Participant: 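Structure incoming, see below.
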Amino acid sequence: MIDTSNLMVSVSGVRGRVAEGLTPEVIARFAAAFGAYAIKRGPGKTVVLGRDSRVSGPMFARAATAGLQSVGCDVVDVGIAPTPTVQLAVEDLKAAGGLAVTASHNPIEWNALKFIGPTGMFLDADEGAEMRAFLDGEIPRAIWSDLGGYSQDEGAVERHLQRILAISFVDVELIRSRNFHVALDCVRGAGGRIFPQLLEALGCRVSAINMETDGLFPREPEPVAENLGELEALVRSSGADLGLATDPDVDRLSLVSGEGSAIGEDYTLALASMLVLRHRPGPLVTNLSTSRVMDDVAERAGVPIVRAAVGEINVARRMQAENATIGGEGNGGVILPDVHLTRDAPVAAALVLQLLAETGKPLHQLAAEIGRYEIVKEKVPRPAQPLDAVYDALAKHFPEAHADRQDGLRLSWAAEKRWAHLRPSGTEPIVRIICEAPTRADASALVETLRAALP
């Protein structure tokens, strides 16, 4: 058994601060447990391994390799690569699974393992529980003659790039004819492995910062508006048409308008969905905490919107069930089934550039046409009584609201274009309250109304 008290263990992986709970020994054991699970489930015994650019990445990748080989897995290493590239490689190689060594948008002192099933999607709750049974028990190690092999795959990023350029409603020649000037910030993460090639293929002139893949993040790595000041300045100084910013593992994309203003990560999915639904109407899936700009996009396209529990795998599974055309999360994560059922920042960039090329409108105008709401996020101490009882009480307190209990409690007032989502934190003894309304004052007032109504 290993001490997980200083780790965040969730359905899709394990993460922690380097040396403060997350050590090579911990990584090796989790990797071995995953490898044993992957061999049991199949097909075969190949496991794809990739990582973002974090300084601790090489050390943890070697530890993960050893853990996988120790149970008989053949490791195929794609090196520094976007997480969606690793996931696609699992599909391409028909592997039993994959491991991504990445803490995504977490600060520089963090790292993590993300567990990928044979479909190229992250493990869901049931799969994660099955995998952790190996972690908590006796891991079946291979004897000397059955140890796993090791090879490298240099072509994973190029295959990913070709899948994006082959999207049926991405007109490469049309985008190239526009000669877009793009400012790019890859935060010294894995985006440097794919974004320059993608933008070159799309005929873009590029002004770039933070392209080194050394993991020495020059800003907080989450691509939220408050962290994009340097990119905003670059857009203004270079005269770029727009700015693109991603996180270290390249599954989230944020946008900066040609005026040099970050428009908010919710608009990445909204704009990408506008483009896709112009070509192929169909259900749109997002999570319960994503802005209702998505409701407006769906309504204008004449398609249904479906809300899923928070978490990429929950959205992806719901997309499968609904045969969705597009989906994702309001954090800049776009999922396009045409490529694969995972969040993918390069896919999002191609879709946004196609929209700009088709409409001839600048980014700020397209965002303004969608409209804007204000989101306020707060947290309150977790009540002493069971949360289900708290949700019951709140639902009774607001009988006029539509209540959704998939993931905590979401109350929505469609006519007033307001909603509130309450869900427990997975890491702290708190309940998070997220409220959205047409104005910040309305959203803040809704937070306070809910806070007062809590038992």
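Model, not experiment: these values are computed from the prediction.
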Participant: Closest heavy-atom contact between Leu123 and Ile116?
Facilitator: CD2-C, 4.1 Å
Participant: May I ask you to decide whether Arg317 forms a salt bridge with Asp124, counting only side-chain N to carboxylate O separations under 4.0 Å?
Facilitator: yes
Participant: Would you mind reporting whether Ile167 and Gln354 have side-chain heavy atoms less than 4.5 Å apart?
Facilitator: no
Participant: Apply the test side chain to side chain donor-acceptor pair (under 3.5 Å) to residues Asn331 and His105: give CA-CA distance (whole Å), side-chain angles for both, the deciding distance (0.1 Å), then the verdict.
Facilitator: CA-CA 11 Å; Asn331 56 13; His105 62 273; over 6 Å; no
Participant: How long is the span from the CG atom in Leu244 to the CG atom in Leu231, to the nearest 0.5 Å?
Facilitator: 8.0 Å
Participant: Yes or no on side chain to side chain contact (heavy atoms under 4.5 Å, CB included) for Arg343 and Val315, after CA distance, side-chain angles and deciding distance?
Facilitator: CA-CA 10 Å; Arg343 297 183 307 188; Val315 174; over 6 Å; no
Participant: How about Pro118 and Arg41: do any of their side-chain heavy atoms sit closer than 4.5 Å?
Facilitator: no
Participant: Can a donor-acceptor pair be found between the side chains of Glu329 and Asn287 at a distance below 3.5 Å?
Facilitator: yes
Participant: Specify the closest pair of heavy atoms between Ser289 and Arg423, including all atoms of both residues, with the distance to one decimal.
Facilitator: OG-CD, 4.4 Å
Participant: Under the side chain to side chain donor-acceptor pair (under 3.5 Å) test, which residues partner Tyr373, sequence neighbours left out?
Facilitator: Arg292, Asp296
Participant: Below 4.5 Å, heavy atoms only, C-beta onward: do Ile326 and Leu351 meet side chain to side chain?
Facilitator: yes
Participant: Would you please test Arg54 and Asp249 for salt bridge (Lys or Arg N to Asp or Glu O under 4.0 Å) and show each step?
Facilitator: CA-CA 10 Å; Arg54 290 169 189 268; Asp249 76 328; over 6 Å; no
Participant: Find the distance between OG (Ser10) and CZ (Phe122) and round it off to the nearest 0.5 Å.
Facilitator: 9.5 Å
Participant: As an exercise, state the distance from CZ of Arg451 to CG of Leu422, rounded to the nearest 0.5 Å.
Facilitator: 10.5 Å
Participant: Please find the pair of heavy atoms, one from Cys435 and one from Ala420, that lie closest to each other, and give the distance.
Facilitator: SG-CB, 3.6 Å
Participant: Check ring-ring contact (aromatic ring centres under 6.0 Å, His included) between Phe169 and all other residues, then give those that pass, not counting sequence neighbours.
Facilitator: His279
Participant: Applying side chain to side chain contact (heavy atoms under 4.5 Å, CB included), run through Leu88 and His340 and close with a yes or a no.
Facilitator: CA-CA 7 Å; Leu88 261 179; His340 54 168; 3.3 Å; yes
Participant: Charged N to carboxylate O below 4.0 Å: is that the case for Arg188 and Glu230?
Facilitator: no
Participant: Are Val303 and Thr325 packed together at the side-chain level, in the sense that at least one heavy-atom pair is separated by less than 4.5 angstrom?
Facilitator: no
Participant: When you look at CD of Glu200, are more than 12 heavy atoms from neighbouring residues, nucleotides or ligands closer to it than 6.0 Å?
Facilitator: no
Participant: Rounded to the nearest 0.5 Å, what separates atom OG1 in Thr246 from atom CG in Leu184?
Facilitator: 9.0 Å
Participant: Applying side chain to side chain donor-acceptor pair (under 3.5 Å), run through Ser56 and Asn111 and close with a yes or a no.
Facilitator: CA-CA 7 Å; Ser56 59; Asn111 214 328; 2.8 Å; yes
Participant: Quick one: are Asp247 and Ser104 in side-chain contact, heavy atoms under 4.5 Å?
Facilitator: yes
Participant: Can you list everything that forms a side chain to side chain donor-acceptor pair (under 3.5 Å) with Arg219? Sequence neighbours excluded, please.
Facilitator: Asp185
Participant: Taking it one step at a time, do Asp338 and Val276 satisfy side chain to side chain contact (heavy atoms under 4.5 Å, CB included)?
Facilitator: CA-CA 10 Å; Asp338 300 63; Val276 173; 5.7 Å; no
Participant: Is there a salt bridge (Lys or Arg N to Asp or Glu O under 4.0 Å) between Arg163 and Asp92? Walk through the geometry before answering.
Facilitator: CA-CA 11 Å; Arg163 291 275 281 272; Asp92 290 341; 3.1 Å; yes
Participant: Regarding Gln162 and Arg159, is there a side-chain donor-to-acceptor distance under 3.5 Å anywhere?
Facilitator: no
Participant: Shortest non-hydrogen contact from Asn314 to Ala309?
Facilitator: CB-O, 3.3 Å
Participant: Glu378 versus Leu450: any side-chain heavy-atom pair under 4.5 Å?
Facilitator: no
Participant: Report, as yes or no, whether the 6.0 Å neighbourhood of atom CG on Asn323 holds more than 12 heavy atoms from other residues, nucleotides or ligands.
Facilitator: no
Participant: Could you give the distance from OG (Ser412) to NE2 (His421), rounded to the nearest 0.5 Å?
Facilitator: 11.0 Å
Participant: Is any side-chain heavy atom of Val334 less than 4.5 Å from a side-chain heavy atom of Thr268?
Facilitator: yes
Participant: Between Val256 and Leu363, which heavy-atom pair has the shortest distance, and what is it?
Facilitator: O-CD2, 3.6 Å
Participant: Which word best sums up how the rings of Phe134 and Tyr37 line up, parallel for under 30°, tilted for 30 to 60°, or perpendicular for over 60°?
Facilitator: perpendicular
Participant: Do side-chain atoms of Ser273 reach the backbone of Leu269 as a donor and acceptor pair under 3.5 angstrom?
Facilitator: yes
Participant: Answer yes when Arg307 and Asp295 have at least one side-chain N-carboxylate O distance shorter than 4.0 Å, and no when they do not.
Facilitator: yes
Participant: Short question: side chain of Asp146, backbone of Gly72 - any donor-acceptor pair under 3.5 Å?
Facilitator: no
Participant: Would you say that Arg405 contacts Asp392 through its side chain, given a criterion of any heavy-atom pair below 4.5 Å between the two side chains?
Facilitator: yes
Participant: Side chain to side chain contact (heavy atoms under 4.5 Å, CB included) between Arg51 and Ile80: does it pass, once the steps are laid out?
Facilitator: CA-CA 5 Å; Arg51 64 181 180 90; Ile80 295 177; 3.6 Å; yes
Participant: If you draw the axis of the six-membered ring of Trp419, does the NZ or CZ of Arg410 fall within 45° of it and under 6.0 Å from the ring centre?
Facilitator: yes
Participant: Compare every heavy atom of Ala349 with every heavy atom of Phe195, then report the nearest pair and how far apart it is.
Facilitator: CE2-CB, 3.7 Å
Participant: Nearest 0.5 Å, what's the CG-CD distance between Asn106 and Glu220?
Facilitator: 10.0 Å
Participant: Do Asp153 side-chain atoms and Val76 backbone N/O form a donor-acceptor pair below 3.5 Å?
Facilitator: no
Participant: Counting only heavy atoms not in Glu226 (residues, nucleotides, ligands), do more than 12 fall under 6.0 Å from its CD?
Facilitator: yes
Participant: Just by modelled atom types, is the Ala95 backbone N or O under 3.5 Å from a matching donor or acceptor in the Thr46 side chain?
Facilitator: no
